[in-house]
Amino acid sequence: MISCAYVTFDANAALDDERDVALAAWAEAGIEGTPVVWSDPGVDWSRFDAAVVRSVWDYTDRRAEFLRWAERVEGQTRLLNPAAILRGNTDKTYLRDLAAPTVPTHWSADDLPHWPEYVVKPAISAGAKDTIRTADRAVAEAHARSLESAGRTAMIQPYLDMVEAEGETSLLYFNRRLSHAVRRTPMLTPGKSDADNARAVVREPAPDQVELAEKVLAAIPQALLYARVDLVRLADGAPAVIELELTEPYLYLRYTPSAPKDFALALRELVAG
Ligand SMILES: Nc1ncnc2c1ncn2[C@@H]1O[C@H](COP(=O)(O)OP(=O)(O)O)[C@@H](O)[C@H]1O
Ligand SMILES: [Mg+2]
């Protein structure tokens, strides 16, 4: 029996509604999964064959501590995804270095472009936290300045209204194999809550989306147990990356019957070789 830590966080782990379905699929694949809180200092990580990073949803306010944790754990067991991936992926400045089309982004509160509507978000964030949408350039600039004065990197983007029409498409890969894709709920429309991050509809990805997602993943040399490539379309219809989620993506496991098993078999492949 393979033994893996299912790495979660302390504040209300019940928020993670994918844990039980994942652990059940792991068990069927011969993997005993134990939920473990990443920041618990008493854990002997060496007793696991691997530690699988999942719902570590409190890392955004303590990223340095989280990355130190990842490096320490990697000295004791197989960490998936690997620490180098977590380091590069927890700060959205990685988008600048992606060899693929991304959402147009202005990286400073100075000299904002003129766009009909703006999204302003911090580079280190999840769940649209501290993110605003506004048509007012002065309001966008003020939010970017407030992020910068708190020592954060601001990202200013045009608001892409296609997220409310065609919608954002997330492609889910386990050990680099496409498992499924979903159409996400737009998060910057009125009345959205954290729970809407987990609301989606299964969809067949278009060939140009699969091609772009796989090009992005092919440029990454490390093992990738899980990867979520979030895509939008620009005004000319071309697909573009809005986010590459290699740290703690929600996996939409309950949306496709085959997804939990795809995840478990990928884990077994990587750990058992
Ligand atoms: N430029 C944008 N245009 C339209 N919607 C956006 C834009 N940027 C973010 N959003 C909305 O906010 C959500 C969260 O933004 P994202 O960049 O994915 O960061 P995170 O998920 O890490 O908070 C997206 O899924 C999308 O619904
Ligand atoms: Mg996102």
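Each ligand, and each atom within it, is numbered from 1 in the order the structure gives.
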State whether Tyr226 and Arg54 meet the cation-pi test: NZ (Lys) or CZ (Arg) under 6.0 Å from the six-membered ring centroid, and within 45° of the perpendicular axis. yes
Do Glu214 and Tyr173 have a side chain donor and acceptor closer than 3.5 Å? yes
For the residue pair Tyr6 and Trp26, does the interplanar ring angle fall in the parallel (under 30°), tilted (30 to 60°) or perpendicular (over 60°) class? tilted
Less than 2.8 Å from the Mg ion (ligand 2) is the window; count the protein N, O or S atoms in it. 1
Give the table of side-chain donor-acceptor pairs shorter than 3.5 Å for residues 28-38, with sequence neighbours excluded, one pair per line with atom names and distance.
from	atom 1	to	atom 2	distance (Å)
Trp38	NE1	Asp58	OD1	2.8

Applying ring-ring contact (aromatic ring centres under 6.0 Å, His included) to Tyr94 and not counting sequence neighbours gives none
Any chance the side chains of Arg199 and Thr185 put a donor and an acceptor closer than 3.5 Å? no
Tell me which residues fall inside the under-4.0 Å heavy-atom shell around ligand 1. Lys92, Val119, Lys121, Ser125, Ala126, Gly127, Ala128, Gln157, Pro158, Tyr159, Leu160, Val163, Glu168, Pro186, Met187, Leu188, Ile242, Glu243
Pair Glu164, Tyr159: side-chain N/O donor-acceptor within cut-off below 3.5 Å: yes
Ser3-Asp49 side chain donor-acceptor pair, cut-off 3.5 Å: no
Can you find a side-chain donor-acceptor pair between Asp136 and Thr134 that sits under 3.5 Å? no
